[in-house]
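Reminder, nothing fancy here: chain letters follow the sequence lines and each chain counts from 1. Below, each value reflects all heavy atoms present in this structure, side chains not excepted, and no hydrogens, waters or symmetry copies.
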Amino acid sequence: MLDKTYRPTEVESRHYARWQDAGAFACGRRAGAAPYTIVIPPPNVTGSLHIGHALNNTLQDVLIRWRRMQGRDVLWQPGTDHAGIATQMVVERQLENEGVRRRDLGREAFVDKVWEWKERSGGTITLQLQRLGASCDWSRERFTMDEGLSVAVRKIFVDLYKQGLIYRDKRLVNWDPKLETAISDLEVQSREVKGKLWYFKYPVEGAADRFITVATTRPETMLGDTAVAVHPDDRRYTELVGRHCILPLVGRRLPIVADEHADPEQGSGAVKITPAHDFNDFDVGRRHGLEMVNVLDPRGYLNENAPEAYRGLDRFEARDRVVADMEAQGLVERVEEHLHVVPYGDRGGVPVEPYLTDQWYVDAKTLAQPAIKAVDDGRTRFVPAQWTKTYYEWMRNIQPWCISRQLWWGHQIPAWYGPDGEIFVELTEADAKEAARTHYGTEAELTRDPDVLDTWFSSALWPFSTLGWPEETPEVARYYPTDVLVTSFDIIFFWVARMMMMGLHFMREIPFHTVYIHALVRDVKGQKMSKSKGNVMDPLELIDKYGADALRFTLTAMATQGRDIKLSEGRLAGYRNFVTKLWNAARLTQMNGCVPDPAFDPAAVGETLNRWIVGALTATVAEVTDYLDEYKFDQAAAAIYRFTWHTFCDWYLEFIKPVLQQGGDAAAAAETRATAAWALGRLLHLLHPFMPFVTEELWQQLGPKDAGMLITAPWPEADAALIDRDAAAEMDWVVQAVSEVRAVRGDLNVPASARPNLYYKIEEPHLENWINYNKDFITRASNSASLIPIHTPITEVSANAVFPGGTFTIPLQGVIDVDAERQRLSREVEKLTGEIARLDAKLANENFLAKAPAEVVEEQHERRTDAATAHAKLAAALARLPAT
RNA sequence: GGGCGCGUAGCUCAGCGGGAGAGCACUACGUUGACAUCGUAGGGGUCGCUGGUUCAAUCCCAGCCGCGCCCACCA
């Protein structure tokens with residue numbers, strides 16, 4: 001017997017372990033079946049499960065479980081990402097707490113520490129995913145720094161280098177002075193900051209008291225100025241072009257150049273040029289062959305290229321000093337408050353510097369072309385489609401990708417330098433030595449490039465590196481390309497685009513057919529969840545409180561395409577109640593002896609009630625399947641919720657009570673028991689991808705003996721022949737009639753004693769039983785002395801209209817608030833009068849009659865008739881109300 | 001500046017050419033009946049505004065207003 005309540009915690013861990021032990025998650029179990037592959041977006045190894053992961057992985061698990069039940073050979077490839085900067089920071093901070101500094105430790109020892117940390121704490125998120133119910137093939141778990149994946153990374157790097165698609169270049173990069181590394185454009189986040197705009201006067205050479213004014217938000221960079229630019233068409237400055245001015249504080253002669261970059265509308269129209277510290281100025285500098293003076297060191301302190309007074313100052317201290325010194329010399333024309341956007345490093349949290357260094361770049365523009373084409377051709381498709389445009393937008397304007405990082409944790413770049421700076425890029429040090437020997441004709445001392453690769457470089461290979469590439473493994477052959485990538489839009493550029501590029505270049509095939517982009521999960525107010533705001537919802541706490549199934553169902557039901565999810569606990573509680581409802585529905589069937597019959601044939605049932613539920617369930621199967629096919633998770637969840645609660649529980653289970661509990665027709669009862677058990681079983685199948693735990697538990701307790709585990713049971717077929725229209729129509733009548741009766745009684749404020757659940761009579765033998773079932777109530781109500789009998793006209797009309805063949809009387813008794821009833825009826829009558837007038841006008845409209853489809857016209861006619869009937873009923877009821 | 005999206009019930013959101021919907025919240029009644037709750041009923045909406053297309057617009061188109069996000073922008 002089922003417990004009175006469902007206890008998620010115990011059930012969840014038990015079934016997860018059983019599935020694992022049975023190898024239910026493993027790929028390759030069905031040799032002949034078509035493969036279905038999803039690679040997990042690898043969470044950072046430092047990560048712990050946040051609500052976004054919960055959504056992302058729930059959706060993947062829904063797809064995976066569903067396809068598995070459909071008989072596909074599914075592979076959900078799990079793993080974690082080494083997350084270069086993030087992990088290095090975590091371990092570094094931990095060591096600092098122990099009083100150890102990274103640089104004191106040295107590179108090798110530090111990297112060992114990181115590995116130690118990974119072995120100890122790196123599995124957290126994996127365990128958390130398991131609590132969510134994720135049915136990944138854990139036996140195939142990978143880590144981006146695994147030996148195999150590292151080989152793939154090296155091979156890709158070497159191949160791209162030899163193809164000229166990776167190169168080394170000296171140019172401005174975004175430099176994070178806190179982490180002391182280059183970062184890519186994507187890792188820069190713009191923040192709006194209130195700052196100042198300083199107008200500085202630079203003396204013009206050879207013209208006493210003549211100045212050219214430049215505006216800047218970054219006074220400290222003036223120390224690296226090497227020119228002043230004005231627009232070629234700006235007549236204010238025409239005569240100055242070609243002359244020089246003198247850089248205050250430094251004394252350098254700066255040429256005044258004409259360049260389109262200078263915007264006459266902005267500032268003073270003249271702009272100082274600092275090629276080593278500004279991307280635009282860098283370009284100007286290249287155009288005019290200007291000197292590039294770098295005044296900062298890697299930590300953002302002023303270096304030896306700055307005048308002595310400023311050396312060693314932090315860039316912000318230097319700013320204050322420069323302004324003060326300029327003021328002292330009377331060279332500050334004015335200062336304005338200025339709202340502007342400042343680039344910050346997304347990890348370091350400090351403003352990044354455009355910084356002149358040697359870095360490694362990927363020629364993304366070349367690699368992007370096939371990736372654009374693949375989407376153009378529809379070989380890879382975005383769902384929802386609107387993201388296609390975002391993808392194109394970025395791909396078409398793609399910039400060289402800076403892939404080197406001045407970190408210790410990551411894939412070290414397989415490049416070695418000879419004594420003269422010659423570069424040897426090879427898979428191994430031995431190969432590099434060999435190449436050097438060939439090059440120099442003798443043994444040469446080589447030093448390896450100390451930099452590591454951007455974490456996203458290895459992530460870009462994930463769909464095939466995890467399968468064993470560059471080895472020619474059976475897995476690569478079988479599971480690549482993958483079917484769908486499930487992710488959120490914030491990593492389309494970081495990850496999706498780059499997987500497309502690498503996949504197409506090296507595998508000659510797209511990495512996935514579909515990219516499903518889901519929403520972001522926000523808090524109730526629509527704000528991003530963040531630790532600093534204190535509005536994070538911890539999925540593990542939610543699982544503890546509501547159960548994994550409730551959390552999963554909530555996320556799935558709210559995963560509408562194209563809108564962010566504002567998660568509230570109220571919603572979660574609602575779906576927890578749904579789990580409870582399902583549990584109790586199962587209890588009801590059990591208590592009524594509904595045991596699965598292996599010989600049950602849904603096509604052979606005879607009772608209307610049973611034919612109806614078989615059909616309704618079949619329709620739901622089709623609906624859910626179709627919605628999942630289209631990645632409409634919310635609709636699929638809604639369809640199944642509706643059916644379970646509002647069809648199966650509210651009506652079917654209510655209807656079967658009299659059949660099963662009143663004796664009577666034994667054959668009908670037996671059929672009904674078998675049907676109920678069968679229907680519940682199907683329902684559990686449908687719900688399993690969404691709520692794996694409670695459904696598996698119920699299946700184990702109530703399913704057929706030897707039926708095995710639900711996780712590997714077959715997904716129901718929607719056999720259209722099972723949809724019985726006659727039964728559906730008949731039951732629709734019944735449902736409608738009962739609702740109408742309920743509405744009447746509800747409106748009358750009939751006291752409890754006079755309101756049994758439902759009672760009516762119809763020419764259906766098993767439903768007639770129901771009257772008997774409720775007889776006690778009716779009798780009791782009739783005998784109550786405190787009640788006055790009221791017969792409402794509506795009820796009479798309903799009885800005659802809805803059940804032409806049956807006698808149908810409802811002994812409604814009770815008290816009535818006549819004034820309230822009069823008000824209500826008046827309102828209804830008024831509404832209907834308006835409705836009728838509108839429909840009449842429509843039906844008199846020649847254009848409408850001429851152009852609208854016939855069935856629409858017919859429909860409007862029917863509505864006119866219905867409205868008139870209702871109007872008559874209500875008007876009569878109104879007239880018959882006793883005066884007060 | 002370029003791009004994308006969103007304004008529908010008190011709240012959170014579906015729907016998207018012919019009858020305005022769900023969940024939560026609210027009100028009333030009921031509940032020793034499978035229901036740590038559940039049932040039944042009810043109130044509540046100029047579907048952001050203005051035009052256009054159409055026989056017909058919450059839905060399609062344009063403009064406007066409000067909100068959000070992404071990209072670019074450190075004079």
Side-chain angles (χ1 to χ4, degrees), chain A residues 2 4-5 185-186 190 193 195 197-200 214-218 221 229 261-263 266-274 277-281 338 340-343 351-354 386-387 389-390 392-394 397 489-490 492-493 520 524 526 528 557-558 560 562-568 570-571 573-575 577 580-592 634-635 638 641-642 649-650 653-654 657 661 739 742-753 755-758 824 835 839 842 845-853 855-857 859-860 862-863 866-867:
Chain A
L2 288 171
K4 188 139 172 66
T5 53
D185 300 351
L186 285 174
S190 300
V193 170
L197 187 59
W198 285 272
Y199 287 78
F200 287 166
V214 296
T216 182
T217 55
R218 303 199 51 200
T221 62
H261 163 64
D263 178 358
Q266 280 223 47
S268 64
V271 55
K272 66 193 223 29
I273 300 298
T274 324
H277 295 285
D278 182 282
F279 288 100
N280 287 314
D281 293 4
H338 188 61
H340 65 137
V341 175
V342 177
V352 299
E353 286 292 335
Q386 74 219 35
W387 293 107
K389 201 154 182 177
T390 307
Y392 282 148
E393 204 59 41
W394 192 68
N397 299 307
F489 67 84
D490 49 350
I492 289 185
F493 306 142
L520 242 42
V524 188
K528 247 185 176 171
M558 295 183 80
T560 307
R563 202 200 275 246
D564 285 347
I565 297 176
K566 290 183 198 159
L567 190 63
S568 72
R571 197 79 188 235
Y575 290 118
N577 292 350
T580 307
K581 186 77 178 176
L582 179 71
W583 184 262
N584 282 301
R587 283 189 77 215
L588 174 73
T589 61
Q590 192 185 40
M591 289 163 74
N592 284 285
D634 59 324
Q635 305 277 21
Y641 179 96
R642 244 189 336 260
C649 290
D650 285 353
L653 291 185
E654 291 300 333
K657 284 177 187 172
Q661 295 170 6
S739 300
R742 283 171 177 168
V744 172
R745 293 206 323 263
D747 280 354
L748 290 176
N749 283 336
V750 179
S753 50
R755 295 178 59 191
N757 288 338
L758 297 163
R824 189 187 72 85
E835 170 88 356
L839 288 166
K842 197 166 190 176
N845 183 331
E846 285 172 21
N847 280 326
F848 171 68
L849 295 174
K851 299 197 178 177
E855 66 266 24
V856 169
V857 176
E859 210 179 283
Q860 302 298 309
E862 274 171 27
R863 272 175 51 201
D866 290 351

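B/C69 is paired with B/G3 under the Watson-Crick or G-U wobble criterion, all donor-acceptor distances under 3.5 Å. In this structure, B/G42 and B/C26 make a Watson-Crick or G-U wobble pair, each of the two defining distances being under 3.5 angstrom. The base-pairing partner of B/C74, taking Watson-Crick or G-U wobble contacts with both distances under 3.5 Å, does not exist among the strands shown. Remark: B/A36 base-pairs with no nucleotide in the shown strands. Criterion, Watson-Crick or G-U wobble with two distances under 3.5 Å. Remark: B/G63 base-pairs with B/C49. Criterion, Watson-Crick or G-U wobble with two distances under 3.5 Å. Partner assigned to B/C16 is none, using Watson-Crick or G-U wobble distances below 3.5 angstrom.
Nucleotides B/G43 and B/U27 have their P atoms positioned 16 Å apart, rounded to a whole Å. Remark: the separation of the P atoms in B/G39 and B/G52 is 48 Å, to the nearest Å. As rounded to the nearest Å, B/G7 and B/C16 have C1' atoms that lie 15 Å from one another. The P atoms of B/U54 and B/U40 are separated by 46 Å, rounded to the nearest whole Å. A gap of 12 Å separates the P atoms of B/C59 and B/U50, to the nearest Å. Across the C1' atoms, B/U58 and B/U46 are found 12 Å apart, a figure rounded to whole Å. Taking atom C1' in both B/C67 and B/U31, the straight-line distance is 45 Å, to the nearest Å. When the P atom is compared between B/A62 and B/A20, the two are found 26 Å apart, to the nearest whole Å.
Per the geometry, NZ belonging to A/Lys4 stands 9 Å off P belonging to B/A34, to the nearest Å. The CG-P distance, from A/Asp263 to B/G1, rounds to 14 Å in whole Å. Distance CG (A/Leu588) to C1' (B/G33): 10 Å, rounded to an integer number of Å. Atom CH2 in A/Trp583 sits roughly 12 Å away from atom P in B/A36 (whole-Å rounding). Distance, A/Asn577 CG to B/G23 P: 13 Å, rounded to whole Å. Between the CH2 atom of A/Trp387 and the P atom of B/G3 there is a distance of 16 Å, given to the nearest Å. In this entry the distance linking CH2 of A/Trp394 with P of B/C71 reads 11 Å, nearest Å. Between the C1' atom of B/U54 and the CG atom of A/Leu849 lies a distance of 16 Å, rounded to the nearest Å.
Scanning all heavy atoms of the two residues, the minimum distance from A/Leu849 to A/Val857 falls at CD2-CG1, 3.9 Å. Counting all heavy atoms, side chain and backbone alike, A/Thr274 lies closest to A/Asp281 at N-OD2, 2.8 Å. Considering all non-hydrogen atoms of both residues, A/Thr5 and A/Trp583 come closest at C-NE1, 3.6 Å. Here the closest heavy-atom approach between residue A/Val214 and residue A/Val271 is recorded as CG1-C, 4.0 Å. The heavy-atom pair separating A/His277 from A/Pro354 by the smallest distance is O-CG, 3.5 Å.
For the pair A/Phe200/A/Lys272, no side-chain contact is recorded, criterion being any heavy-atom separation below 4.5 Å from C-beta on. With contacts defined as side-chain heavy-atom distances shorter than 4.5 Å, the pair A/Ile273/A/Asp278 does not qualify. Residues A/Ile492 and A/Trp387 are in side-chain contact: their nearest non-hydrogen atoms beyond the backbone lie under 4.5 Å apart. Using a 4.5 Å heavy-atom threshold, the side chains of A/Asp185 and A/Phe493 count as separate.
Listed nucleotides B/G2, B/C74, B/C4 differ in distance to A/Glu393; the shortest reach to its side chain belongs to B/G2. Checking B/A34, B/A36, B/C74 against every side-chain atom of A/Thr580, the shortest atom distance belongs to B/A36. Proximity note for A/Thr217 (side chain, C-beta onward) versus B/C74, B/G5, B/A34: the nearest is B/C74. In this structure, the nucleotide among B/G39, B/C4, B/G23 sitting nearest to the side chain of A/Lys389 is B/C4. Nearest nucleotide to the side chain of A/Asp650, out of B/U40, B/C73, B/A34: B/U40. Listed candidates were B/G2, B/C38, B/C74. Nearest to the side chain of A/Pro354 is B/C74.
Within the 4.0 angstrom heavy-atom criterion, no nucleotide atom of any strand lies near A/Val214. Looking at heavy-atom distances under 4.0 Å, A/Val857 makes no contact with the nucleic acid at all. Contact annotation for A/Ser190: base contact, defined as any heavy-atom pair under 4.0 Å involving a base atom. At the heavy-atom level, A/Ala229 lies nowhere under 4.0 Å from the strands shown. No contact: A/Ala850 has no heavy atom under 4.0 Å from any strand. Backbone-only engagement by A/Phe493 is indicated by non-hydrogen atom pairs under 4.0 Å involving sugar-phosphate atoms exclusively.
Nearest-nucleotide positions on RNA chain B place A/Tyr575 closer to the 5' end than the other of A/Cys649 and A/Tyr575.
Not counting sequence neighbours, the partners of A/Arg863 by the salt bridge (Lys or Arg N to Asp or Glu O under 4.0 Å) test are A/Glu835.
Glycosidic conformation of B/A36: syn, with the torsion inside 90° of 0.
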Might you work through the side chain to side chain contact (heavy atoms under 4.5 Å, CB included) test for A/Met591 and A/Leu2, ending with a clear yes or no? CA-CA 9 Å; A/Met591 289 163 74; A/Leu2 288 171; over 6 Å; no

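Phosphate contact (OP1/OP2 of B/U54, side-chain N/O of A/Asn847, threshold under 4.0 Å): absent. A sub-4.0 Å separation between OP1 or OP2 of B/A36 and a side-chain N or O of A/Asn584 is present. Contact annotation: A/Asn280 side-chain N/O to B/C74 OP1/OP2 distance is under 4.0 Å.
A donor-acceptor contact under 3.5 Å is formed by the side chain of A/Glu654 with the base of B/A34.
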Polar atom pairs between nucleotides 16-19 of chain B and protein, under 3.5 Å, N or O only, would you list them?
| from | atom 1 | to | atom 2 | distance (Å) |
| --- | --- | --- | --- | --- |
| B/G18 | O2' | A/Gln860 | NE2 | 2.5 |
| B/G19 | OP1 | A/Arg863 | NH1 | 2.1 |

